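Computed from a prediction, not measured in an experiment: that's the story for all the values here. Lettering of chains follows the sequences in order, A, B, ..., and the numbering in each one begins at 1.
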There are 2 protein chains.
Amino acid sequence: MASIREIAREAGVSPATVSRAINNNPAVTPAMRSKILSVVNRSRYMPTVSRRETTNIAFAYTGEPSLGSPYDAALMLGMSDRMEQCGFDLMVIDLQRALMPHESYSQLFMRKGIRGCVLRTTTRTRHVCEQIAAEGFASIVLADRFDDAPVSYIYADSKNASRDAVEHLLGLGHRRIAIARNLVDDADHADRFAGYREALAAHNIEYDERLDFRLPASRDGGTQLIRRIAAMPQAPTAAYITDPESAAAAMVEAHRMGWQIPRDLSIVGFDDGELRYLTYPHMTAVCQDAREIGREAFECLQQLIGDTGKHTCIQRSLPTVLAVHGSTAIPRSGGPK
Amino acid sequence: MASIREIAREAGVSPATVSRAINNNPAVTPAMRSKILSVVNRSRYMPTVSRRETTNIAFAYTGEPSLGSPYDAALMLGMSDRMEQCGFDLMVIDLQRALMPHESYSQLFMRKGIRGCVLRTTTRTRHVCEQIAAEGFASIVLADRFDDAPVSYIYADSKNASRDAVEHLLGLGHRRIAIARNLVDDADHADRFAGYREALAAHNIEYDERLDFRLPASRDGGTQLIRRIAAMPQAPTAAYITDPESAAAAMVEAHRMGWQIPRDLSIVGFDDGELRYLTYPHMTAVCQDAREIGREAFECLQQLIGDTGKHTCIQRSLPTVLAVHGSTAIPRSGGPK
DNA sequence: ACAGTTTATGCAACTGTTTCATAAAGCCTA
DNA sequence: TAGGCTTTATGAAACAGTTGCATAAACTGT
């Protein structure tokens, strides 16, 4: 296997010049560089040791990776929008798996040439985010909130838009409004529930736990919701479904039941992409722009990387908005069926 | 700034031992390692030069990145399924942007510690795939086919399933069957069209170019399709829509027109994920399992990385299947309306 | 208890990078 | 065209981190 010294000998230059040529150091003349590179390519040279390139930005999962979800895909897309011009590369890592025994997170990032990381977390692994922030490594958590620890985060606050959503339903005349929320109580779903409670309280409507559904945030959750509503003696006339796929699947299942939406059931869903336009009718939904969150995340990260040693802590809240489409209307007097 | 020799002096060991401890070389005893790491952490040591970690697998775009699309997201998910246990990390790069002047693709990959790459390409940038394969770098192209160049690829051949789809419609009694295909003529869409033609030919039905729609592979394409069909004097009774989002959007638009599916129009869509379960009725579709393609891709790549110098060329074709759901049925005598 | 085996560590050689000195080349002015 | 000044491409040498090999220390099995 060729070494840089052999290349240098063959090209008739010093090892230093070969190193510079390979690393596109502007000090070498174009003629010299192409002479050296031709020798390099001919000899199938491969460097073994080198100055570490630290130009990666990690998209890091602290717990179970949710890679492949439309939300994560949109986040990555947004990040790459902004990374284009900066010469950074995106790397996806699973921290739980990548961390070696006795290794600190900073060491892990160092080892992989990572300059900053966007963290995706779960309720069980929030301490990892705190640990990374405490080590002083440039990091920003998405879609979670840290009120008492100095952890940077970007958070799409869905409480206000959720309240708007329920107000919208109340304004249409609905009084029995169901909420379908995740089995897992993360900050996002807690917000949506809080918005729901606030809107009800503002209209002096008592919270009814029979209208509070805890379901998996998946297609299956939406299907189950409709079946359970169908079996109720006093069915709600509207539902706020706090997960995109659940909401779309609920609409499908409602159609299968022979219900008309919004006549028999008004549905407000949640959307972090464009799913609301793929349902019939188009879905009234609380929307967050995941791509924009990704863009924002990278910009914050860049600032954090710049401010080394300053221990800057960025905590930003982005708005979510209610987009009214065709899945909500005034209730029929009798409710479904 | 501390160097490895200073750490060594402070810990009372040799630089070699420090290096081994930092790199989690199993030769050092746990006691020794934690002693050294405590000195390392105390002194905020940061290595500058190191053995290059070449444990990255790239998800590389030769042309415009389509990051964020459900298909790409599912591919990545599949790849990461298999990468978990191998200690590889996934890196997303845009080759066009990352390549430096006078640099070969192998050099680029070398520089970024990439051992193998999965290539996503466009018709205009296929030559990049050929170039990378010619350089002998471990690479595999997804969703494209190279018949005359020694380029490894994994391809989901949708011709047979497309023929099955049209046969299915013919079997139901349809005779005027539209096809909606992409404006861009890539291998995938060419296959689907070929399957369509074959099925028609087998039943002695003449190809009618008025039933051949070239539309953008997007929501908008599906919407346009339905509007154009609605305006036709002799509308088709069924349509094969070769793109997932177009197909879903077409179903929505059909509902908006007041049509019933499948009564007024049978639709066979395409699905590379789970979208067919989010339409009402569930969509009969030609399905490819993008996640499985991603898994397969990583396994092939692993083999290619293993066979250095052998110039192995893997060309695999995966089947796609027709999944019959509720969006197809026997035609009403009169066609839509 | 002793010979044989294993293994943790250091030495020294090695790889690639970078600073600094320097020779060559360019560039004004006279 | 010469002479001084600046710029710059290159090499020598120092430097950073890694690793093959030798070896001393710690086990292991009679």
Side-chain angles (χ1 to χ4, degrees), chain A residues 1-55 100-104 106-114, chain B residues 1-55 87 100-104 106-115:
Chain A
M1 175 53 72
S3 84
I4 210 163
R5 275 155 241 262
E6 284 175 62
I7 308 276
R9 194 161 37 73
E10 198 171 330
V13 296
S14 73
T17 307
V18 175
S19 172
R20 280 188 276 253
I22 288 171
N23 294 294
N24 281 74
N25 186 317
V28 307
T29 50
M32 176 63 91
R33 181 163 60 222
S34 55
K35 184 171 99 185
I36 291 172
L37 284 186
S38 81
V39 177
V40 165
N41 281 327
R42 187 140 32 82
S43 66
R44 293 225 156 274
Y45 165 74
M46 185 96 180
T48 55
V49 168
S50 66
R51 171 124 312 223
R52 190 162 277 186
E53 267 200 24
T54 50
T55 59
M100 294 188 131
H102 297 267
E103 189 178 44
S104 72
S106 303
Q107 279 182 302
L108 161 65
F109 291 130
M110 217 161 67
R111 186 158 59 82
K112 304 226 175 263
I114 293 167
Chain B
M1 174 55 70
S3 84
I4 210 164
R5 275 154 241 265
E6 285 175 62
I7 307 277
R9 194 163 34 74
E10 198 170 329
V13 296
S14 75
T17 307
V18 175
S19 172
R20 281 189 272 254
I22 288 171
N23 293 294
N24 282 74
N25 186 317
V28 307
T29 50
M32 176 62 90
R33 181 163 61 222
S34 54
K35 184 170 99 183
I36 292 171
L37 283 186
S38 80
V39 177
V40 165
N41 282 327
R42 188 141 30 84
S43 66
R44 292 225 155 276
Y45 166 74
M46 183 99 175
T48 55
V49 169
S50 64
R51 170 123 312 223
R52 205 179 275 264
E53 267 201 22
T54 50
T55 59
M100 292 187 134
H102 298 267
E103 189 178 44
S104 71
S106 303
Q107 279 182 300
L108 162 64
F109 291 129
M110 214 162 68
R111 185 158 59 82
K112 305 228 175 259
I114 293 167
R115 281 281 280 283

Minimal heavy-atom distance between A:A11 and A:V39, with the atoms involved, is CB-CG2, 4.1 Å
Here the distance between atom C1' of C:dG10 and atom CZ of B:R5, to the nearest Å, is 13 Å
Can you see which heavy atom on A:A8 is nearest to which on A:P15, and at what distance? CB-N, 3.6 Å
Roughly how far, to the nearest 0.5 Å, is the CD1 atom of B:I36 from the CD1 atom of B:I7? 9.5 Å
Rounded interatomic separation in angstrom, taking CD1 from B:I4 and P from D:dA14: 21 Å
Considering only nitrogen or oxygen atoms on both sides, find all protein atoms under 3.5 Å from nucleotides 7-9 of chain D and state each distance.
from  : atom 1 : to    : atom 2 : distance (Å)
D:dA9 : OP2    : A:A27 : O      : 3.1
D:dA9 : O5'    : A:A27 : O      : 3.2

Is A:S34 reaching over with its side chain to a backbone N or O of A:P30, donor-acceptor style, under 3.5 angstrom? yes
Take the protein atom CZ of B:R33 and the nucleotide atom C1' of C:dT9, then report the distance between them rounded to whole Å. 15 Å
Just to be sure I understand the geometry, which residues of residues 11-22 of chain B put a non-hydrogen atom under 4.0 Å away from DNA chain C? B:V13, B:S14, B:A16, B:T17, B:R20
d(CD1, B:I36; C1', D:dG17) in whole Å: 14 Å
For B:R9, enumerate each residue passing the side-chain contact (heavy atoms from CB on, under 4.5 Å) test, keeping only those at least two apart in sequence or located in another chain. B:E6
Pairing residues for A:T29 by the side-chain hydrogen bond (donor to acceptor under 3.5 Å, both in side chains) criterion, not counting sequence neighbours: none
Please list all pairs passing the salt bridge (Lys or Arg N to Asp or Glu O under 4.0 Å) test where one or both residues lie in residues 16-26 of chain A, with sequence neighbours left out. none
